[in-house]
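Okay, structure first, notes after.
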Amino acid sequence: MQVRMGDTFDPRVIALLDHHVTAARAQTAPGSAHALDLAGLRASDVAFWTGWDGETLVATGALKKLSADHGEVKSMHTLQTTRRRGFGGQMLRHIIAEARARGLKRLSLETGSWNYFRPAHALYQAHGFVLCGPFEGYVEDPNSLFLTRDLTGG
């Protein structure tokens with residue numbers, strides 16, 4: 001997979017992100033979905049990437065800077081027909097590397113707690129993320145799972 005800076009004006013990217021937001025919201029209780037929309041991905045504190053298998057868009061991921069040393073993983077999504085091929089892990093490793101390169105010491109995320117999100121839980125935990133409490137404006141929510149990873153170690 002080739003990772004590129006994400007073009008939020010590319011119709012292929014817009015379509016995959018629309019699917020991501022729609023599917024996530026359909027699987028989450030009202031008021032508990034925190035996916036960024038296109039305007040959110042275009043914000044100055046967000047870096048957004050796309051993953052390509054040849055000319056096929058297969059993954060998206062973003063890094064939101066929360067403070068000088070803390071970032072948040074956002075908009076992680078893999079095309080349904082290409083799941084279980086390692087693209088999600090590649091995108092997550094790219095985001096972790098970018099966070100380190102930008103001097104961040106901690107990387108956190110919020111995802112759904114429902115069964116639909118279990119593959120995401122497994123992916124994040126396999127990459128060293130551990131459960132934590134709400135961060136940066138989030139509140140306790142039985143529909144959310146909060147994870148974090150210390151970036152200062154190996």
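No experiment lies behind these values; they were computed from the predicted model shown. Sequential numbering from 1 along the given sequence is applied to the chain's residues.
Glu140 pairs by the side-chain hydrogen bond (donor to acceptor under 3.5 Å, both in side chains) definition with nothing, not counting sequence neighbours. Residues forming a side-chain contact (heavy atoms from CB on, under 4.5 Å) with Ser44 (at least two apart in sequence, or on another chain): none. Partners of Asp37 under the side-chain contact (heavy atoms from CB on, under 4.5 Å) rule, at least two apart in sequence or in another chain, are Ala39. Under the side-chain hydrogen bond (donor to acceptor under 3.5 Å, both in side chains) criterion, Thr50 pairs with Trp52, sequence neighbours left out.
Side-chain contact between Tyr138 and Glu72: present, with at least one pair of heavy atoms (C-beta onward) separated by less than 4.5 Å. Annotation: side chain of Leu151 is not in contact with side chain of Arg106 (no heavy-atom distance under 4.5 Å). Within the 4.5 Å cutoff, side-chain heavy atoms of Leu36 are placed close to those of Val46. Using a 4.5 Å heavy-atom threshold, the side chains of Leu107 and Val73 count as touching. In this structure the side chain of Thr78 reaches within 4.5 angstrom of the side chain of Arg83, judged on heavy atoms. For the pair Phe48/Asp7, no side-chain contact is recorded, criterion being any heavy-atom separation below 4.5 Å from C-beta on. Considering only heavy atoms from C-beta on, Val3 stays 4.5 Å or farther from Gln90 through its side chain.
A 6.0 Å sphere centred on NZ of Lys64 holds no more than 12 heavy atoms belonging to other residues, nucleotides or ligands.
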For residues 12-21, which side-chain donor-acceptor pairs fall under 3.5 Å, sequence neighbours excluded?
from	atom 1	to	atom 2	distance (Å)
Arg12	NE	Asp10	OD1	3.2
Arg12	NE	Asp10	OD2	3.4
Arg12	NH2	Asp10	OD2	2.7
His20	ND1	His77	ND1	3.2

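A distance of 11.0 Å separates CZ in Arg118 from CG in Leu145, rounded to the nearest 0.5 Å. Ser108 OG to Leu147 CG: the interatomic distance, rounded to the nearest 0.5 Å, is 8.5 Å. Taking NE2 of His121 as the start and CG of Leu109 as the end, the distance is 9.0 Å to the nearest 0.5 Å. Rounded to the nearest 0.5 angstrom, Asp69 CG and Arg102 CZ are separated by 15.0 Å.
In this structure, Leu104 is a member of the same hydrophobic cluster as Met76, with clusters built from ILVMFWY side-chain heavy atoms closer than 4.5 Å. Clustering ILVMFWY residues whenever any of their side-chain heavy atoms sit less than 4.5 angstrom apart, transitively, puts Met5 in the very cluster that holds Ile95. Put simply, Leu79 and Phe87 are part of two different groups of oily side chains (I, L, V, M, F, W, Y) that touch within less than 4.5 Å, one to the next. Side-chain heavy atoms closer than 4.5 Å link hydrophobic residues (I, L, V, M, F, W, Y) into clusters, and following such links, even through other members, never connects Leu66 to Phe129.
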- Item | side chain to side chain donor-acceptor pair (under 3.5 Å) between His127 and Arg93, intermediate numbers included | CA-CA 8 Å; His127 285 82; Arg93 287 189 297 278; 3.1 Å; yes

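Residues Thr8 and Leu38 come closest through the heavy atom pair O-CD2, 3.8 Å. In this structure, Thr111 and Ala120 approach most closely via the heavy-atom pair OG1-CB, 4.4 Å. Nearest heavy atoms, Val139 versus Phe146: O-CZ, 3.6 Å. Taking each heavy atom of Glu98 and Trp49 in turn, the nearest pair found is CG-CZ2, 3.5 Å. Looking at every heavy atom in both residues, Met1 comes nearest to Met91 through CE-N, 3.7 Å. Taking both residues in full, the closest heavy atoms of Glu110 and Phe135 are given as N-CZ, 4.1 Å, listed atom of the first, atom of the second, then distance.
Under a 3.5 Å cut-off, the side chain of Ser75 and the backbone N or O of Ala62 do not form any donor-acceptor pair. Ser113 places a side-chain N or O within 3.5 Å of a backbone atom of Pro142 that can act as its donor or acceptor partner.
The side-chain tip of Arg149 does not point at the ring of Tyr124 from less than 6.0 angstrom away and within 45° of straight on.
Grouping Ile, Leu, Val, Met, Phe, Trp and Tyr residues whose side-chain heavy atoms lie under 4.5 Å apart, directly or via other members, leaves Val130 alone, with no other cluster members.
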